[in-house]
2 protein chains.
Amino acid sequence: MDGINIKQLAEALNLSTSTISRAFRNSSGIKQHTKDLILSKAKELNYQPNHYASNLRDQKSKTIAVIVPELANNYFSQAIHGIEQVARANGYNILIYSTDDDLEKEMDFIKHLHNGRVEGIIMSVSGEAENHNYLNDFGARRLPMVQFDRVYDDIDTPKIITDDYESSFIATEHLIEQGCKRIGYLVVKKDLSIGKTREMGYIDALKKHHINYKEELIIDCSNSYTENDPIIKKALKDLKLDGIFASVERLAFATYYASYDLNIKIPHDLKVISFSSLEIAPLLNPSLTTITQPAVEIGNLSAKLLFDILQDKKEISFAKEKVVLNSKIIFRNSTKSA
Amino acid sequence: MDGINIKQLAEALNLSTSTISRAFRNSSGIKQHTKDLILSKAKELNYQPNHYASNLRDQKSKTIAVIVPELANNYFSQAIHGIEQVARANGYNILIYSTDDDLEKEMDFIKHLHNGRVEGIIMSVSGEAENHNYLNDFGARRLPMVQFDRVYDDIDTPKIITDDYESSFIATEHLIEQGCKRIGYLVVKKDLSIGKTREMGYIDALKKHHINYKEELIIDCSNSYTENDPIIKKALKDLKLDGIFASVERLAFATYYASYDLNIKIPHDLKVISFSSLEIAPLLNPSLTTITQPAVEIGNLSAKLLFDILQDKKEISFAKEKVVLNSKIIFRNSTKSA
DNA sequence: TTGTACGCGTTATCAA
DNA sequence: TTGATAACGCGTACAA
């Protein structure tokens, strides 16, 4: 690092380091002329205040961390985009971590983040374990946090979620109205609260319409296509499904692939609806009926909430509010009745 | 930040701060017993060495920055994933910046990154301006950098790219072989080198097959769907195109939408091929013929190259190598001849 | 094997 | 309006 530091710049200008510092911080208490002089010389010599020194000095990093299960997912990249907008506007940087749905990594990240590196965390969890208490281990040291979408209900932080129950209810009801009798619910990690909530919407819709519900209709998948493919194919064949409600877009895609292979025609033989933030859902063959969450807005809001906490530390312990946003269901050909 | 620091931990154990420090750094020069004691107490009190203090002390941040034009793009999210793998393996963190194709932001990011915050930069450029010299302003202070995919040729850094010329040539030739006579080339920011390279492949393929090439067949688009839609529709109508070679997947999607609206049938009336990292290209209607870059591998390699430089500073000034990886063309229905 | 003391680059406080 | 100084938390040379 052959960068010039504040002392060298001070020498070059025959000024003290404090004056230099002032030129970069307060616009007060310094003559405009001096300030101009300093800034121009700084530009010339390419001086910039050292980030680590500043942060060490005033114990602020102006950085927040964003932890998501995966990056290659439209929903999360849009949410991150939303977070970034707000962070940038507040002069904050974001550090992005992707857990690949691995709890180990998640714990590791969070632990290491508690070293002063960031001022707060925005997270959508991997949700593998039942024991989330590692988050409480930090006690008073726990960083301000906001959870979104995939959340741990037993961890007290503000949470931004969508109306998953209602959306799932409507989605399922829609399939029923289109004539489906045997509707499968495809889910990844069904024990995570978000999966449960959606499952309840699904079950209640079946109930309302007096449709036979069986445990076997809930199909637990993973994030791996190669693992899911046989599972879905088996379900399609053995259970004679005529409708699929997918809780994640990845599973809808896998269903499409499976149907192609098995020569099952969507929507004629099988109707499909899915949670998805895919912008090209209308271009699929057939176009996919989707429940789309306001991902960017969720990101915006999560960040805003975090900054609220950051500005008023007292509130941390009380911040348990839950914000529920509405998803949008768009009907397309994959659920069209003949 | 109510975190405990090294001094407090030392007091709690009746040891000196240096011993504590040693327990976390060198495993040498410290009795195993003492070390165990320290680490267990540290865990209990939730002590972690302050990131900023450590970095300030030894002038290393163990962090690299990744700058990309956009996050909501399969290619870039996959590339980032690839970078992350390598970074993590080397014990480095990554800071992600998205420029939204805005040169201002790009310049801003890079300037602010030169404050010791990161040790190196991996970048795919926005490519708006002709003047990239802001990068050279840093002189000896310039951070180690690796460029990938969208690169500034006039900036000396290692570059990872794909065989864009060859792929474009083959793609165009494929359209010709499928019977296309009037092939349009859709590009964003045609002056960026990557666009130019692809254009050359396109033009040379036309030449080889003695197909009439006209400037008007090169259609300059933007990143905004609302802007592109009328441009593409106009081109489709006025130029009577029967083939489209899209340099970015976004433009292929826009072409699909436009064709739907204009009742142009793909591939019957119009054949489409595109650069794309979309994993569900086979699910489109019709399935899209794609040129797919090895995004994850590109990310891996970029990171590896950067770490090579980081480990041997001397090489920075010589590091001008250019690595060319091969893309893969997969033929699907969007270019099928009748 | 452990402890003492200094410096990394900055900024806030106080004095001039 | 400017300058001197101490302190942020850590790690290392050096001393013990």
Side-chain angles (χ1 to χ4, degrees), chain A residues 1-39 41-42 45-63 91 112-119 141, chain B residues 1-39 41-42 45-63 91 112-119 141:
Chain A
M1 209 108 2
D2 22 12
I4 161 180
N5 65 23
I6 199 172
K7 218 186 270 176
Q8 292 168 277
L9 180 59
E11 266 169 34
L13 285 161
N14 255 61
L15 284 171
S16 77
T17 59
S18 3
T19 308
I20 307 292
S21 182
R22 266 188 284 263
F24 280 86
R25 307 287 131 196
N26 321 315
S27 29
S28 76
I30 183 168
K31 202 160 57 179
Q32 187 61 41
H33 176 68
T34 318
K35 186 173 173 181
D36 294 343
L37 217 64
I38 292 174
L39 291 181
K41 192 74 175 178
L45 299 183
N46 232 302
Y47 165 76
Q48 271 192 75
N50 180 288
H51 182 247
Y52 291 101
S54 305
N55 287 163
L56 175 59
R57 178 57 236 242
D58 49 54
Q59 310 285 29
K60 292 241 158 147
S61 62
K62 285 273 185 186
T63 305
H112 283 292
L113 249 18
H114 282 255
N115 64 356
R117 189 160 212 194
V118 300
E119 296 176 33
R141 255 174 69 77
Chain B
M1 209 111 358
D2 21 12
I4 160 179
N5 64 23
I6 198 172
K7 214 186 275 176
Q8 293 168 278
L9 181 58
E11 266 170 34
L13 285 161
N14 256 59
L15 285 170
S16 77
T17 60
S18 32
T19 307
I20 308 292
S21 183
R22 268 187 284 264
F24 280 87
R25 307 289 132 194
N26 323 315
S27 28
S28 75
I30 182 168
K31 201 161 55 179
Q32 186 61 41
H33 176 69
T34 318
K35 186 173 173 181
D36 293 343
L37 216 65
I38 292 173
L39 292 182
K41 192 74 174 178
L45 299 183
N46 232 302
Y47 165 76
Q48 271 191 76
N50 180 287
H51 183 247
Y52 292 101
S54 307
N55 288 162
L56 176 59
R57 175 60 234 245
D58 50 53
Q59 310 286 29
K60 291 242 157 144
S61 62
K62 285 275 186 183
T63 306
H112 283 292
L113 250 18
H114 282 253
N115 63 357
R117 191 161 213 201
V118 299
E119 296 176 33
R141 253 174 69 78

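Computed from a prediction, not measured in an experiment: that's the story for all the values here.
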Rounded to whole angstrom units, what separation is found between the [atom1] atom of [X] and the [atom2] atom of [N]?
| X | N | atom1 | atom2 | result |
| --- | --- | --- | --- | --- |
| A:N55 | C:dA12 | CG | P | 13 Å |
| A:K62 | C:dT10 | NZ | P | 18 Å |
| B:F24 | D:dG11 | CZ | C1' | 13 Å |
| A:I6 | C:dA12 | CD1 | P | 11 Å |
| A:R25 | C:dA12 | CZ | P | 8 Å |
| B:L9 | D:dC10 | CG | C1' | 13 Å |
| A:I4 | C:dG9 | CD1 | C1' | 12 Å |
| B:N50 | D:dA7 | CG | P | 18 Å |

Which residues share a ring-ring contact (aromatic ring centres under 6.0 Å, His included) with B:Y47, sequence neighbours left out
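ring-ring contact (aromatic ring centres under 6.0 Å, His included) check on B:Y47 returns B:F24.
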
What nucleic acid atoms does [X] come within less than 4.0 Å of, heavy atoms only: base, sugar-phosphate, or nothing?
| X | result |
| --- | --- |
| A:Y47 | sugar-phosphate |
| A:S54 | sugar-phosphate |
| A:Q32 | nothing |

Set out, in order, the CA-CA distance, both residues' side-chain angles and the distance that settles side chain to side chain contact (heavy atoms under 4.5 Å, CB included) for B:Q59 and A:Y52, then state yes or no.
CA-CA 9 Å; B:Q59 310 286 29; A:Y52 291 101; over 6 Å; no

With sequence neighbours left out, what residues match B:R22 under side chain to side chain contact (heavy atoms under 4.5 Å, CB included)?
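Result, side chain to side chain contact (heavy atoms under 4.5 Å, CB included) vs B:R22: B:S18, B:T19, B:N26, B:I30.
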
Quick one: what's the B/S/- string for nucleotides 2-8 of chain C, heavy-atom cutoff under 4.0 Å, read 5' to 3'?
BBB--BB

For A:K41, which residues count as a salt bridge (Lys or Arg N to Asp or Glu O under 4.0 Å) partner, sequence neighbours excluded?
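Partners of A:K41 under the salt bridge (Lys or Arg N to Asp or Glu O under 4.0 Å) test: A:E44.
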
Residue pair B:T63 / A:R117, side-chain donor-acceptor N/O under 3.5 Å
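Result is yes, a qualifying pair exists.
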
Going by the rule side-chain hydrogen bond (donor to acceptor under 3.5 Å, both in side chains), which residues pair with B:S54 if we only count those two or more places apart in sequence or in a different chain?
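With neighbours one apart ignored, the set is empty.
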
Partners meeting side-chain hydrogen bond (donor to acceptor under 3.5 Å, both in side chains) with B:D58 (sequence neighbours left out):
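Residues passing side-chain hydrogen bond (donor to acceptor under 3.5 Å, both in side chains) with B:D58: none at all.
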
